[in-house]
Number of protein chains: 2
Amino acid sequence: MIKHFTKDEILESDSFFRRNLINCLSGYKSLNLIGTKSSEGISNLAPFSQVFHIGASPPLVGILFRPHTVQRDTLENILEAGYFTMNQVTPSFYKEAHWTSARWDGSEFEKTGLEAEFLNKFFAPYVKNSPLKLGCSLVETQTLKVNQTVLVIGSIDHIYVEEKGLRTDGSLDLNVLETVTVSGLDEYHIGKKLARLSYAKPDREVEEV
Amino acid sequence: MIKHFTKDEILESDSFFRRNLINCLSGYKSLNLIGTKSSEGISNLAPFSQVFHIGASPPLVGILFRPHTVQRDTLENILEAGYFTMNQVTPSFYKEAHWTSARWDGSEFEKTGLEAEFLNKFFAPYVKNSPLKLGCSLVETQTLKVNQTVLVIGSIDHIYVEEKGLRTDGSLDLNVLETVTVSGLDEYHIGKKLARLSYAKPDREVEEV
């Protein structure tokens, strides 16, 4: 059975129901803890699921920030300092990662027990236990006219990845790295590989490679 | 062992290696087939992994389009007609979904065997077998200065979801819907739930709910 919602039905539905439903529609999302540091030297850590590939050459990453959220510290620190880290999450610390979204006073590292790590004199803190960490610098921001959402674009200046998950062709085995994916606002999953598929051409069916 | 790449090392690496690596850094991505129709009446279908939540009230979705790709038909049809559909993919047709990315002449529906479906007089075609389908209308586009990537923002006007995956609180059980997630350019996975976690507060550890 298929359930159909029109836009009017969505707008008239309970706000809690609507928020859950709409946040689930984009499907599985990546999960990163973004690490920043304020000018007072306070480290900050917050979970983000709105991260995406912008370009490979030069390597660029994009993050969408809601107009006003508890994670506003992260955006302010990025705009102020110009540096941030992105740290993928594993099952061994996804609960602590979720907990960083609470309204803490002071550093989320100290409060949740996640260990900060400073690498190669980079300004912003990494999450020590993360198997895939990026050190990024701010390139530009753009505000979406439609609802004041802020798109931050960062240059990927450093990549740290556990070698067991790095294939010779440059691709990453996320199943081996055990990175976590999130759906909606609060549901966490690991991935289970179906297959890699051959480059698609009209003259032959795609194959597992 | 941790492998470290600096930005210079990334830029100097083989272009195939770099493209694979950078495309994997954002982690698991959602997979949608976007359905459109040209003014000549030709249906088009193409896979996209750069889809994200923009807002719940009103319900908005965002899609990032690369400046010049084989999927350019999709962007042109959206700009011309103002309507598109988004269709989540399952293991039963993820190979056909991948195959739609080939450079076909004519409609990808006919060529790959995926069945088109027109619902409630909506202009653009849906994928019949998809368990989660959205009917969207164009709200605005924004071009990123940094590399001419185009961000399309759509209003979610219709939601069709298989009832077995819709919970009473509005959230979707993606494991039950069996939606597929993609990593890098060509690797497909299903999700396996770890847990849903309670709303994060400073005064208590998060719990499974």
Side-chain angles (χ1 to χ4, degrees), chain A residues 1-5 7 10 17-24 26-28 30 50-56 59 88 91 95 98-99 101-102 104 139-140 146-147 153 157 159-161 163 166 169-172 174 179 181 183-184 186-194 196-197 200-202 206, chain B residues 1-5 7 10 17-24 26-28 30 50-53 55-56 59 88 91 95 98-99 101-102 104 139-140 146-147 149 153 157 159-161 163 166 169-172 174 179 181 183-184 186-194 196-197 200-202 206:
Chain A
M1 289 292 293
I2 302 286
K3 174 70 180 167
H4 175 213
F5 297 94
K7 186 175 178 180
I10 299 166
F17 183 96
R18 178 173 61 239
R19 203 172 61 129
N20 279 331
L21 177 60
I22 305 300
N23 272 283
C24 283
S26 53
Y28 291 108
S30 63
Q50 301 278 70
V51 167
F52 35 88
H53 172 79
I54 298 275
Q88 293 262 339
K95 289 182 182 176
H98 184 79
W99 206 15
S101 68
W104 296 105
V139 173
E140 67 175 51
V146 69
N147 69 352
I153 297 172
D157 299 338
I159 301 172
Y160 297 91
V161 57
E163 284 186 1
L166 176 64
D169 68 356
S171 69
L172 300 181
L174 299 185
T179 61
T181 165
S183 62
D186 54 14
E187 189 164 345
Y188 297 86
H189 314 258
I190 54 170
K192 189 164 174 295
K193 179 178 173 177
L194 293 165
R196 287 186 82 177
L197 298 180
K201 295 184 174 182
V206 297
Chain B
M1 290 289 292
I2 301 285
K3 174 73 179 164
H4 175 213
F5 297 93
K7 185 175 178 181
I10 299 166
F17 182 95
R18 178 174 59 242
R19 201 171 60 127
N20 279 331
L21 176 60
I22 305 301
N23 272 281
C24 283
S26 53
Y28 291 108
S30 63
Q50 302 277 72
V51 167
F52 34 87
H53 173 79
Q88 294 261 340
K95 290 182 181 176
H98 185 77
W99 206 15
S101 68
W104 296 103
V139 173
E140 70 175 48
V146 71
N147 68 352
T149 301
I153 296 171
D157 298 337
I159 301 171
Y160 297 91
V161 58
E163 285 186 0
L166 176 64
D169 68 356
S171 70
L172 300 181
L174 299 185
T179 62
T181 164
S183 62
D186 55 13
E187 189 165 345
Y188 298 86
H189 313 259
I190 53 171
K192 190 165 173 296
K193 179 177 172 177
L194 293 166
R196 286 186 82 179
L197 298 181
K201 295 186 175 182
V206 298

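Order of the sequence lines sets the chain letters (A, B, ...), proteins ahead of strands, with each chain counted from 1.
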Do you know which of Leu172(A), Leu197(A), Val206(A) has the most heavy-atom pairs under 4.5 Å to chain B?
-> Leu197(A)
CD-NZ distance between Glu163(A) and Lys3(B), expressed to the nearest 0.5 angstrom = 7.0 Å
Structural part of Val139(B) lying under 4.5 Å from a heavy atom of chain A = side chain
Leu166(A) versus chain B, heavy atoms under 4.5 Å apart: side chain, backbone, both or neither?
-> side chain
Chain A contact via Lys95(B) - side chain, backbone, both or neither, heavy atoms under 4.5 Å | both
Quick one: is the NZ or CZ of Lys7(B) closer than 6.0 Å to the six-membered ring centre of Phe5(B), and within 45° of its axis?
-> no
Which of Ile159(B), Ile22(B), Val161(B) touches chain A most, by non-hydrogen pairs under 4.5 Å = Ile159(B)
Please check if atom CZ in Arg19(B) has more than 12 non-hydrogen atoms from other residues, nucleotides or ligands closer than 6.0 Å.
-> no
If you count heavy-atom pairs under 4.5 Å with chain A, which of Leu174(B), Ile10(B), Ile153(B), Val51(B) comes out on top?
-> Leu174(B)
Which answer fits Gln50(B), side chain, backbone, both or neither, if we ask what part of it has an atom under 4.5 Å from a heavy atom of chain A?
-> side chain
Kindly check if the number of other-residue, nucleotide or ligand heavy atoms within 6.0 Å of NZ (Lys193(A)) is above 12?
-> yes
Give a yes or no answer on whether the side chain of Thr179(B) reaches the backbone of Gln88(B) with a donor-acceptor pair at less than 3.5 Å.
-> no
Relative to chain B, which segment of Asn147(A) carries a heavy atom at a distance below 4.5 Å: side chain, backbone, both, or neither?
-> side chain
Output the option from Cys24(A), Gly55(A), Pro202(A) having the highest count of non-hydrogen pairs under 4.5 Å with chain B.
-> Pro202(A)
Check for a donor-acceptor pair, side chain of Trp104(A) on one end and backbone N or O of Trp99(A) on the other, with a separation under 3.5 Å.
-> yes
Output yes when Arg196(B) and Asp169(B) qualify as a salt bridge under the 4.0 Å nitrogen-oxygen rule, no when they do not.
-> yes
So which of Leu194(B), Leu21(B), Asn20(B) has the biggest tally of heavy-atom pairs under 4.5 Å with chain A?
-> Leu194(B)
